[in-house]
Amino acid sequence: MQASIYLESSKEHSVLQQHPWVFAGTIDKYEGKVQIGTTVRVFSSTKKLIGRAAYSPHSQIRARMWSWDPEEPIDHAFFKRKIAAAIQHRQTWVKDTNAIRLIFGEADGIPGLVVDQYGQTLVCQFLSAGADFWKDAIVDILANLTHCVSIYERSDAAVRQREGLESRVGSLFGPSPSQEVLVTENGIDYLVDPIHGHKTGFYIDQRDNRRLVMELSQNRRVLNTFCYTGGFSLAALKGGAHEVTSVDSSGEALDIAKKQMTLNSFDVSKGLWQDRDAFDALKDFRVANESFDLIVLDPPKFAPSAAHLTNAIKAYKEINRNAMQLVAKGGLVLTFSCSGAMDSELFEKTIFSASKEAASHLKNGDLKFRVLKRLTSGLDHPKLTCFPEGDYLKGLLLERV
Ligand code: SAH
């Protein structure tokens with residue numbers, strides 16, 4: 001008999017409205033032997049069975065809903081249906097690439113599971129106790145439903161600790177991927193290192209925005225800060241930028257970026273790579289009176305949780321203020337935040353206030369920006385109306401008028 005949890009009447013409404021996270025404080029009562037990762041039956045405060053969830057004793061998110069159908073068992077067939085539906089969604093909506101987020105956790109009905117596809121290599125992160133518990137079934141289904149040659153695990157994200165899970169990396173199916181896997185996105189070849197790269201190796205979420213940069217870069221002098229392996233830099237060069245300066249503090253990421261220049265037969269003299277702190281670089285460009293026609297700011301998550309927001313806002317303001325002062329009239333700034341704890345309203349408020357500060361720091365105050373576009377992640381990162389936390393990447397395309 002599966003163990004059960006009963007929700008508390010004053011706190012249950014978000015779960016009843018299909019938010020997948022059941023916080024510890026929402027649970028009124030436990031029944032039976034609850035074990036890490038196993039399935040529990042979830043009852044409302046009126047003792048009605050509402051569905052099933054994965055139990056996670058160490059996390060504040062004590063359970064994650066698998067299903068709101070009281071009749072639906074959680075078994076191999078359940079995961080097969082979810083994974084097949086996720087793959088189908090990508091086949092419908094994602095074109096022009098073989099680097100695809102195949103499964104995006106909660107948004108695909110499998111909380112805690114991330115699967116990125118790089119050609120015939122899949123890279124997985126099992127980030128919740130429930131996803132980890134079903135790992136063997138998930139790997140078996142992925143191997144059967146995709147034509148992959150290898151499945152590699154990168155469950156080394158910090159969130160695993162909160163779930164009481166050890167970090168784990170290694171091969172799950174087929175041979176370990178060769179050092180770097182070749183993918184093609186928007187007609188550009190990129191090298192992805194699933195073993196040593198950040199997260200699963202590549203920031204797939206920025207695909208649409210890289211395409212936008214490609215479309216906007218003709219004859220522009222571009223600055224790409226926090227460039228990682230140069231995703232935006234290569235897009236800018238492909239789009240006809242006459243020079244691209246890229247900054248990142250990871251030497252390994254820059255090494256891959258440089259290899260890709262040759263791989264794509266780009267003119268290496270047009271790509272300048274700086275292995276350094278981007279905050280310092282932005283300040284130094286100001287001191288040197290540099291000016292750029294297009295600037296990308298895609299920093300790491302400054303606010304991993306709400307507790308970090310005050311410092312994060314300061315950091316976002318600093319880089320945006322400096323970038324705004326570096327962009328020429330008629331120039332563009334693409335600015336992003338991937339902090340889930342910062343919603344788009346707060347992000348925009350922060351950017352708008354950075355623009356006021358930037359103007360007040362200039363002697364003649366002649367600095368004004370227009371919002372041309374609001375930016376987000378691609379359609380392989382589905383967003384559910386009942387799960388706003390999944391909408392973590394936001395950005396603005398600004399034009400200096
Ligand atoms: N725009 C990239 C992804 C950026 S991820 C893409 O499209 O692929 C964030 C990057 O910021 C990482 O590569 C990390 O190495 C870098 N980084 C983090 N802190 C930094 C700092 N203070 N200065 C420079 N780079 C930094």
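Each ligand, and each atom within it, is numbered from 1 in the order the structure gives.
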Worksheet item: Is Lys329 paired with Asp366 through a side-chain N to carboxylate O contact shorter than 4.0 Å?
Response: yes
Worksheet item: Looking only at heavy atoms of Thr229, does any of them come nearer than 4.0 Å to an atom of ligand 1?
Response: no
Discussion item. So if I count the atoms of ligand 1 from 1 in the order they appear, which ones are less than 4.0 Å from some heavy atom of Cys227?
Written reply: 2 (C)
Discussion item. Within ligand 1, which atoms have a heavy atom of Arg276 less than 4.0 Å away?
Written reply: 23 (N), 24 (C)
Practice prompt. Tell me which one of Arg210, His198, Lys199 gets a heavy atom nearest to atom 7 (O) of ligand 1.
Written response: Arg210
Discussion item. Assess whether a salt bridge exists between Asp108 and Arg90, defined as any Lys/Arg side-chain N lying under 4.0 Å from an Asp/Glu carboxylate O.
Written reply: yes
Response to the item:
For Phe232, the atoms of ligand 1 under 4.0 Å from one of its heavy atoms are 1 (N), 7 (O)
Worksheet item: Where is the nearest protein heavy atom to atom 10 (C) of ligand 1: which residue, which atom, and how far?
Response: Asp248 OD2, 3.4 Å
Worksheet, complete the sentence: Paired with Tyr392, the side chain to side chain contact (heavy atoms under 4.5 Å, CB included) test is passed by just one of Met342, His381, Lys301, namely His381
Discussion item. Treating Glu12 as the side-chain partner and Ser45 as the backbone partner, does any N or O pair qualify as donor plus acceptor under 3.5 Å?
Written reply: yes
Worksheet, complete the sentence: Here the atoms of ligand 1 under 4.0 Å from any heavy atom belonging to Ser250 are 15 (O)
Fill in: Sub-6.0 Å ring centroid separation between Phe336 and Phe232
yes
Practice prompt. Say whether Val247 and ligand 1 are in contact under the criterion: heavy-atom distance to a ligand atom below 4.0 Å.
Written response: no
Discussion item. What's the separation between atom CG in Asp343 and atom CD in Glu348, rounded to the nearest 0.5 Å?
Written reply: 9.5 Å
Item to complete: Only heavy atoms count here, so choose which of Asn224, Asp205, Asp298, Leu282 is nearest to atom 9 (C) of ligand 1.
Response: Asp298
Worksheet item: Is it true that Arg154 and Asp116 make a salt bridge, defined as a side-chain N closer than 4.0 Å to a carboxylate O?
Response: no
Worksheet entry | Heavy-atom nearest neighbour in the protein, as seen from atom 23 (N) of ligand 1, with distance rounded to 0.1 Å | Ala278 N, 2.8 Å
Fill in: Donor on one side chain, acceptor on other, Thr200 and Tyr118, under 3.5 Å
yes
Discussion item. I need the atoms of ligand 1 closer than 4.0 Å to a non-hydrogen atom of Asp277, numbered in the order shown.
Written reply: 21 (C), 22 (N), 23 (N)
Worksheet item: Is Ala253 near ligand 1, meaning one of its heavy atoms is under 4.0 Å from it?
Response: no
Discussion item. For atom 4 (C) of ligand 1, which of the options Phe279, Tyr190, Phe336, Phe226 provides the nearest non-hydrogen atom?
Written reply: Phe226
Item to complete: Please write down residue, atom name and distance for the protein heavy atom closest to atom 19 (N) of ligand 1.
Response: Pro300 CG, 3.8 Å
Practice prompt. Consider only side-chain N and O atoms of Arg286 and Asn322, and report whether a donor and an acceptor are under 3.5 Å apart.
Written response: no
Fill in: Atoms of ligand 1 close to Tyr228 [distance to a heavy atom under 4.0 angstrom, numbered from 1]
2 (C), 3 (C), 4 (C), 8 (O), 13 (O)
